Amino acid sequence: MAADSAPHVGRRRLRVEDPRLLTGGGRFVDDVELPGMLHAAFVRSPHPHARILGIDTEAALALDGVHAVVTGADLAEVVQPFVSALERPEVRTLVRDVLTTDRVRHVGEAVAVVVASSRYLAEDGCDLVAVDWAPTPAVADPLAAMTPDAPQVDPDAPGNLVADIRLESGDVEGCFAGADHVFAKRLHAQRHWGAPLENDGVLASYVPATDELTMWCTTQTPHATQSLVADALGMPSAQVRVIAHDMGGGFGARARTSVEEAIVPAVSRLLGRPVKWIADRSETLAAGVHAKEMVVDLSVAVTNGRLTAMRADVISDAGAYSLFPFTSLVDAISAPAAMPGIYVPEALAYRTRSVLTNKSWSGPYRGIGQGVSQVVRELLVDEVARELEVDPIELRVRNMATGDGPHRTHTGFVYDGGSYVQALRAVQERMDYAGLRDEQRRRRAAGEEPYLGIGVGAYVEFSGWSGELGRAHGYPSDYYDSASVTVEPDGSVMVTTGAQSHGQSHETTLAQVAADALGVAPDEVTVREGDTATSVWGMGTWASRTAVIYGGAIMRAAGDVRGRMALLAGHMLECSPDDVEMRDGRVWVAGSPDAAIAFADVAGFAYFGTAMAGHAGTGGGRPGELDVALTSTRPYSPPQVFSNGAIGVVATVDPGTGVVAVERVAFVEDCGTMLNPMVVDGQIAGSVGQAIGAALFEELSYGDDGAFLSPTLQDYLLPTALDMPALDIGHLVSPSPVTEGGIKGMGEVGMVCGPAAIACAVADALAPLGVRIDRMPLDPDGVLDAIRRARD
Ligand code: MCN
């Protein structure tokens, strides 16, 4: 077989994105310059909670170069507020004015926009805007926010409660009452976030003559943003074009519509000029989409070494507003839904509450809900193992789903099967678990420091989030996603999808899918996403959905086009379309290796009745019945699909300084059919890096009074290459029986299982001291505090 023959799916194809990204050829929002463009800067609140008694814009307006100062009052008539709602009785519908008029609810909330001929002047103008603030009491802690005397963050959410949802399945009472043991723990998981490299940005250009709005912005959901911004501005969607070309990361933090994405276009429309706003790091940190702050109480009933029941109480910190459009339920619903993880208890109950505080709003970050559930559950499973003196791996294997067939969880999911036990056993072997335990015993006996800790875990990852998976989570809506495949007259292939690649390598991997479906080389395929004018509609890229959903849609659309190519080729080769084969860029008659024509010639024949290049051998043009379009758009909404895998972490903990070092990570991952193992490995490596940050140092800190304590990257510590451990990755391949091509998604992988395994390694290292982990992150202060509390 020639080197470039199919299958291309499954090959380590180099990323086609890299030449442009590595040579400065990427197109980010700030790279776009338009004639007559103005620059915006925001006046933001220094207070966590304050009434606005007045805003004096006179001095700013008098500054040379300042074109406008826009306040909430100016926008009230021209932008509809954001309404964050779920059609569930337990969830309150909350409304947010995109630019507040009367009150700020967190540090960093915008109150005015200064528009000037340069960013410098816009910033100078901001300094001249005088806001008359009347600070009011604030609350930052979600538990404090639930107390009767807590300040009210939103008058429409009495008790600061956005939602209070309960679920019970199976005989929970019975299992707990009859249990040999009951184990319980509380975990306070810190607030952190996706921290994209590129700061938020919006460039909006409204053209009065045509009533068209074009906006470039940092979004993972271009089409949804198009619809939502059009709606907020009262414009037809078709008049709004959203472009998100390259983007320096999203990690879920951009799976939303931001207030700035409504404000900047509205200002452009008011002024009839293009307006650009690029956030600085501090405003992105203070007003971005935070995530994952939860207080989780979990108890498990254990009988004969089996986890028979789980009971969880989740309090999820929403921040000051309910995220638009997904609401503040992103973590609050996903965390308890993911609580069983890979285990199969007989019964499960949860209560989950979403609580408002005076902090920036919260929403998705890689591994939504799953990551925090995994931390509390896996720490507790290890505590059970220690108490029962069972090896942690054996306890897990005894309690896991086998993965042999579908498994329905108490929380409404249907796992489609996988290599659950095999993956954990493979990790056990790869990390030399037995040898490590020996080494640990030796070091403990010798009193050697730093202490050695081992953390293991198996996981399932939600992926391919479409309507069915969304509904299982409690979101009542369906989703629409599509891809379009076109064979151009010269035989090259254009694929467009409703996804948006911001580091995931879709141009590389989705081309491999289309190439195999059409029998051409991936280099012949161009993948376009992230521009609503040139790509077909979809819900965008988040929740590890692209490979499954858009990969499947491409297979379907390419199948249509392939069928039409076969019709044409059958006519040209004088054979039945059923006997036509396509591979290596050529079209053959089955069984006749000499009777072949170029794929491009068939394409040319479709468009012009003759080949564009070379002679197709038809001579007589294209008969009318062969007027077929070499293009197809297909939606795809797969059933629920879950990838799986396992992780082993070797870490050391210095009991004197509290410093944790992650030394080694063994990872075995199974996402069914892999499109590109190199990209999959990259996703694992990146998400393990984020897991180290999440477990050991990333925290968006607030004082009890709501003061924001993490306004720069000196305060919010991100992991660097120096923190990366030796990473050993293995793959298992269990194709999904329910998706096109057997594909499962995997883009959140390390953030689903990594923080938990690192926390387990730290707890394991410190177990002889009686330490129990109940707070994240495990930074030096946190570790020393845990040791101190164990000693007291
Ligand atoms: N892939 C594959 N074979 C599979 C599954 C996936 O080769 N069986 C490839 C895909 O083709 C794709 C990548 O792996 O190139 C990730 O695929 P998928 O799991 O479908 O996830 P999405 O493309 O939908 O990306 C979303 C996912 C999420 S939810 C977060 S958060 C995240 C992530 O991707 N944010 C990222 N990875 C990121 N990577 C970068 N660089 N930047 C982000 O912001």
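Both counts, for ligands and for their atoms, begin at 1 and track the order of listing. Keep in mind the model is a prediction, meaning the values are calculated, not measured.
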Next on the checklist: If only side-chain N and O atoms count, and only distance matters, is there a donor-acceptor pair under 3.5 Å linking S84 with T327?
Outcome noted: no
Next on the checklist: Which residue and atom name correspond to the protein heavy atom nearest atom 8 (N) of ligand 1, and how close is it?
Outcome noted: T673 O, 2.8 Å
Next on the checklist: Pairs of nitrogen or oxygen atoms closer than 3.5 Å, one from L675 and one from ligand 1: do any exist?
Outcome noted: yes
Next on the checklist: Below 3.5 Å, N or O to N or O, backbone or side chain included: is there any such pair between G745 and ligand 1?
Outcome noted: no
Checklist entry - For atom 6 (C) of ligand 1, which candidate among A547, P364, A195, S501 holds the nearest heavy atom? => result A547
Checklist outcome for this item: Counting from 1 in the order shown, the ligand 1 atoms closer than 4.0 Å to a non-hydrogen atom of V680 are 1 (N), 2 (C), 3 (N), 7 (O)
Checklist outcome for this item: Under 4.0 Å from one or more heavy atoms of V679, ligand 1 contributes atoms 9 (C), 13 (C), 14 (O), 15 (O)
Next on the checklist: Please list the nearest protein heavy atom to atom 23 (O) of ligand 1 with its residue and the distance rounded to 0.1 Å.
Outcome noted: H506 NE2, 2.7 Å
Checklist entry - Taking only heavy atoms of K744, which atoms of ligand 1 are found under 4.0 Å from at least one of them? => result 4 (C), 5 (C), 8 (N)
Checklist entry - Just by distance, do the side chain of H223 and the backbone of G530 share a donor-acceptor pair under 3.5 Å? => result no
Checklist entry - What atoms in ligand 1 come closer than 4.0 Å to a heavy atom of I743? => result 8 (N)
Checklist entry - Judging by distance only, is a nitrogen or oxygen of T541 under 3.5 angstrom from one on ligand 1? => result no
Next on the checklist: One thing to verify: whether R634 and D560 come together as a salt bridge, which I'm taking to mean a side-chain N less than 4.0 angstrom from a carboxylate O.
Outcome noted: yes
Item to check | Between CH2 on residue W361 and OG on residue S328, distance to nearest 0.5 Å | outcome: 11.0 Å
Checklist entry - Which residue and non-hydrogen atom of the protein lie closest to atom 37 (N) of ligand 1, and at what distance in Å? => result Q683 OE1, 2.6 Å
Checklist entry - When you measure from the centre of the six-membered ring of W193, is the NZ or CZ of R191 under 6.0 Å away and within 45° of the axis? => result no
Next on the checklist: Using a 4.0 Å cut-off to any heavy atom of M674, which atoms of ligand 1 qualify?
Outcome noted: 3 (N), 8 (N)
Checklist entry - Is the shortest N/O to N/O distance between T546 and ligand 1 below 3.5 Å? => result yes
Next on the checklist: In this structure, is the centre-to-centre distance between the rings of H473 and F462 below 6.0 Å?
Outcome noted: yes
Next on the checklist: Under 4.0 Å between a side-chain nitrogen and a carboxylate oxygen: does that hold for D523 and R13?
Outcome noted: yes
Checklist entry - So which of F462, F251, W542 gets nearest to atom 35 (N) of ligand 1, if we judge by its closest heavy atom? => result F251
Next on the checklist: Would C671 count as a polar contact of ligand 1, with the cut-off being nitrogen or oxygen pairs under 3.5 Å?
Outcome noted: yes
Item to check | Trace of the ring-ring contact (aromatic ring centres under 6.0 Å, His included) decision for H245 with F28 | outcome: CA-CA 6 Å; H245 283 144; F28 301 89; 9.9 Å; no
Next on the checklist: At less than 4.0 angstrom from any non-hydrogen atom of G503, what atoms of ligand 1 do you find?
Outcome noted: 40 (C), 41 (N)
Checklist entry - So is there a nitrogen or oxygen of M746 less than 3.5 Å from a nitrogen or oxygen in ligand 1? => result yes
Checklist entry - Does the D478 side chain pair with the main chain of G467, one donor and one acceptor, at a distance under 3.5 Å? => result no
Checklist entry - Between K292 and D317, is there a side-chain N and carboxylate O pair less than 4.0 Å apart? => result no
Next on the checklist: With no hydrogens and no angle check, just 3.5 Å: does a side-chain donor-acceptor pair link D670 and S734?
Outcome noted: yes
Checklist entry - Is there a side-chain contact (heavy atoms from CB on, under 4.5 Å) between R366 and S687 once you walk through the steps? => result CA-CA 8 Å; R366 211 171 196 178; S687 57; 3.6 Å; yes
Checklist entry - Any non-hydrogen atom of G250 lying under 4.0 Å from ligand 1? => result yes
Checklist entry - Taking the six-membered ring where the residue is Trp, are the ring centres of W542 and Y365 under 6.0 Å apart? => result no
Item to check | Carboxylate-amine/guanidinium contact R556 D481, below 4.0 Å | outcome: no
Checklist entry - Salt bridge between E507 and R20, side-chain N to carboxylate O under 4.0 Å? => result yes
Next on the checklist: Give me the residue, atom name and distance of the protein heavy atom closest to atom 21 (O) of ligand 1.
Outcome noted: S544 CA, 3.4 Å
Item to check | Shortest protein contact, atom 11 (O) of ligand 1 (heavy atom only) | outcome: T509 OG1, 2.7 Å
Checklist entry - Side chain, backbone, both or neither: which part of T508 comes within less than 4.0 Å of ligand 1 when only heavy atoms are counted? => result neither
Next on the checklist: At under 4.0 Å between heavy atoms, is it the side chain or the backbone of Q504 that contacts ligand 1, or both, or neither?
Outcome noted: both
Checklist entry - Which residue supplies the protein heavy atom nearest to atom 29 (S) of ligand 1, what is that atom called, and how far is it? => result A543 N, 3.0 Å
Checklist entry - Closest non-hydrogen protein atom to atom 7 (O) of ligand 1, residue and atom name please, with distance? => result N676 N, 3.0 Å
Item to check | Under 4.0 Å to a heavy atom of G249 - the qualifying atoms of ligand 1, by number | outcome: 44 (O)
